[in-house]
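In what follows, a structure is listed as structure tokens, so that the remarks can point back to it.
Quick note: residue numbers are just sequence positions, from 1. The figures here come from the full heavy-atom set of this structure, side chains too, leaving out hydrogens, waters and symmetry mates. Just so you know, ligand 1 is whichever comes first in the structure, and atom 1 is the first atom listed for that ligand. Computed from a predicted structure; not experimentally measured.
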Amino acid sequence: MSSNNAAGLGILEAGGGTEEIQAKDNKFVHPWEDLHNLGKNKRHVLTRAEGIYVYDSDGKRYIDGPAGMWCVNVGYGRSEIADAVAKQLTEMPYDSPWSFANIPAAQLADRLTAYTPGDLNYVFFTTAGSLSVDSALRFVMFYNTILGRPEKRHIISRQDAYHGSTYLSASCGGKERDKVFQVFEKDFIHHLPSPNPYRRPEGMTVEAFCDAKVADLENKILELGAENVAVFIAEPILASAGVIVPPPGYQKKTLEVCRRHDVLYISDEVVTAFGRCGEIFASESVFDIVPDIIATAKGISSGYLPLGAVFISDRLIEEARSAGTPQSVFANGFTYSGHPASCAAGLATLDILEREKIPEHVREIAPYFQERWQELRDIPLVGDVRGAGLMACVECEIDPEGEDSLKLDYEVGTRIDEHCQELGLILRPSINMCIVSPPCTITCEQIDEMVRILRTGIEKTMEDLRREGRFSG
Ligand SMILES: Cc1ncc(COP(=O)(O)O)c(C=O)c1O
């Protein structure tokens with residue numbers, strides 16, 4: 001019994017054995033589901049987690065390389081978060097955010113706005129990053145309409161961006177492969193070329209590339225007419241696209257362009273906030289920008305319960321307030337805006353981040369983490385290794401002349417992930433890339449273990465490809 005509990009199997013037995021759970025799980029259409037596999041999937045069933053590790057129903061232990069989905073920043077097994085949530089659910093599980101205030105939401109609003117840069121002193125709670133981005137964009141539309149300039153509604157985003165899965169946030173997404181089978185908004189959403197220095201034209205310096213990407217923004221604003229452009233939305237680091245770190249100074253220079261043309265700036269910090277880059281918010285402390293709006297989620301509650309938050313500047317709120325009438329309400333909100341249990345999880349997460357000085361820990365350990373990752377460059381299959389804070393990506397380079405290079409591109413990240421899982425490391429594979437963003441509590445020894453497994457996983461994949469005659473490097 002005790003060993004069952006150790007692997008979380010007690011819970012599994014109550015719901016059926018592993019195979020039964022896997023069969024039932026085939027009714028669950030998971031994110032980015034390949035419908036061909038529906039009914040045939042055999043996903044590992046995770047039953048327990050502690051620190052940076054998760055355990056499957058066979059008791060096998062894995063390092064959780066992506067911290068769930070970039071979110072479990074304070075690590076697993078934090079009973080104080082569970083206790084805070086349980087206490088809140090027992091005392092007062094829900095209140096209508098339309099009519100009432102609740103204690104955790106009020107306290108969280110107060111504590112988080114003490115960390116926001118500049119005058120971003122208002123917060124709108126959501127339950128996900130997509131909804132934070134969606135609400136931020138809709139607030140911008142509301143703001144311009146109320147100021148009497150509804151035509152100022154065009155949104156500028158970038159190729160390679162990921163901003164979420166509502167219709168509006170997904171339309172801002174810039175991953176072409178995600179857009180092939182759906183119809184998205186194109187009339188008022190525009191995508192600049194990706195600011196990926198790895199893909200810059202041959203012979204161009206990083207500085208010149210930066211200037212070119214900043215010029216792309218200014219040229220697009222001029223082309224559309226600044227009077228028509230509402231906002232530029234940008235992740236400081238393009239996380240899902242493979243931890244693309246724009247050239248130094250890019251964030252500041254793009255903000256200056258926006259300021260010159262009266263275009264608002266939304267910093268999508270759904271991934272970069274709450275410790276991931278060594279700060280609670282990265283916009284000002286790491287990237288030297290004070291945007292108009294910051295969208296967050298994920299690490300805000302360390303993934304223990306769904307929660308998101310949009311931080312809006314005093315200036316925008318004041319301008320909208322003075323231009324509006326008593327009827328001009330910001331008609332946007334959710335049944336679960338400021339949900340008391342989610343906000344209790346947010347408060348307990350913030351307690352841990354502060355008490356254990358987790359952002360400071362990330363600042364100390366990130367250089368070691370990045371250094372160790374860079375060592376993977378010597379593997380012939382590896383084309384680029386990049387990262388920042390506690391995020392990193394290995395991008396593989398298959399012979400571009402090879403006839404099935406595109407197909408291989410699709411496979412290679414998954415193949416590496418499969419090898420690594422056998423060896424006890426979960427990655428986030430994406431096309432030809434492997435991404436990690438481990439819990440921010442990770443130690444040097446655990447980083448060593450991760451890099452050792454990843455090296456073996458990549459080398460095994462490379463050997464397989466050579467054996468198949470598909471890689472000659
Ligand atoms: C930068 C960014 N914005 C928004 C989102 C959407 O967040 P969610 O999946 O919580 O809706 C994500 C999710 O990965 C993200 O990486």
Side-chain angles (χ1 to χ4, degrees), residues 29-33 64-73 124-139 155 157-175 177-178 184 189 191 194-196 231-246 251 265-277 281-283 286-287 289 291 293-311 334 336-337 339 342 345-346 349 387-393 427-431 433 435-438:
V29 181
H30 286 249
W32 268 249
E33 187 75 73
D64 186 0
M69 186 50 89
W70 318 83
C71 54
V72 188
N73 290 8
F124 186 94
F125 285 117
T126 71
T127 51
S130 307
L131 296 178
S132 293
V133 167
D134 206 287
S135 296
L137 292 168
R138 291 188 52 212
F139 182 81
I155 299 168
S157 180
R158 300 168 301 177
Q159 283 164 8
D160 278 340
Y162 182 71
H163 293 296
S165 271
T166 62
Y167 183 62
L168 185 57
S169 60
S171 293
C172 291
K175 295 201 223 169
R177 292 185 207 207
D178 287 346
F184 288 98
I189 299 179
H191 291 87
S194 170
N196 185 354
V231 65
F232 176 52
I233 178 163
E235 301 159 79
I237 292 172
L238 294 87
S240 305
V243 193
I244 294 172
V245 186
Q251 293 85 358
Y265 193 114
I266 298 175
S267 182
D268 181 346
E269 283 222 47
V270 167
V271 167
T272 52
F274 301 107
R276 177 78 34 222
C277 290
F281 294 98
S283 289
V286 182
F287 301 103
I289 57 168
I293 297 178
I294 295 179
T296 66
K298 294 188 187 277
I300 190 172
S301 55
S302 212
Y304 280 67
L305 278 184
L307 182 64
V310 189
F311 298 89
F334 311 104
Y336 301 130
S337 298
H339 192 284
S342 297
T349 298
L390 276 184
M391 298 187 264
C393 171
L427 300 168
R428 166 125 182 75
S430 176
I431 321 171
M433 296 176 283
I435 302 167
V436 294
S437 55

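- Taking any N or O of Trp70, backbone or side chain, none lies under 3.5 Å from an N or O belonging to ligand 1.
- Of the heavy atoms in Lys298, only side-chain atoms (C-beta onward) come closer than 4.0 Å to ligand 1.
- Of all protein heavy atoms, the one closest to atom 7 (O) of ligand 1 is Gly129 CA, 3.2 Å.
- With distances taken over non-hydrogen atoms, the option nearest atom 3 (N) of ligand 1 out of Asp268, Ile237, Ile300, Thr272 is Asp268.
- Of all heavy-atom pairs between Leu137 and Cys172, the closest is CD1-SG, 3.7 Å.
- Below 30°, between 30° and 60°, or above 60°: for Phe184 and Tyr167 the angle between ring planes is below 30°, a parallel geometry.
- Aromatic ring centres of Phe274 and Phe281: separated by under 6.0 Å.
- Here the protein heavy atom with the shortest distance to atom 16 (O) of ligand 1 is Val271 CG2, 3.3 Å.
- There is a side-chain donor-acceptor pair under 3.5 Å between Ser267 and Ser283.
- Considering only non-hydrogen protein atoms, atom 9 (O) of ligand 1 sits nearest to Ser130 OG, 4.2 Å.
- Put simply, no part of Ala239 is less than 4.0 Å from ligand 1, judged by heavy atoms.
- Annotation for Ala241 and Met433: closest pair O-CE, 3.3 Å, computed over non-hydrogen atoms.
- Residue Ser240 approaches ligand 1 through these ligand atoms, each under 4.0 Å from one of its heavy atoms: 16 (O).
- Listed by atom number, the atoms of ligand 1 under 4.0 Å from Ala128 heavy atoms are 10 (O), 11 (O).
- The line from CD1 of Ile233 to CG of Asp268 is 5.5 Å long, rounded to the nearest 0.5 Å.
- Side-chain N/O atoms of Ser130 and Thr166 include no donor and acceptor closer than 3.5 Å.
- Contacts between Glu235 and ligand 1, counted as non-hydrogen atom pairs separated by less than 4.0 Å, involve the side chain only.
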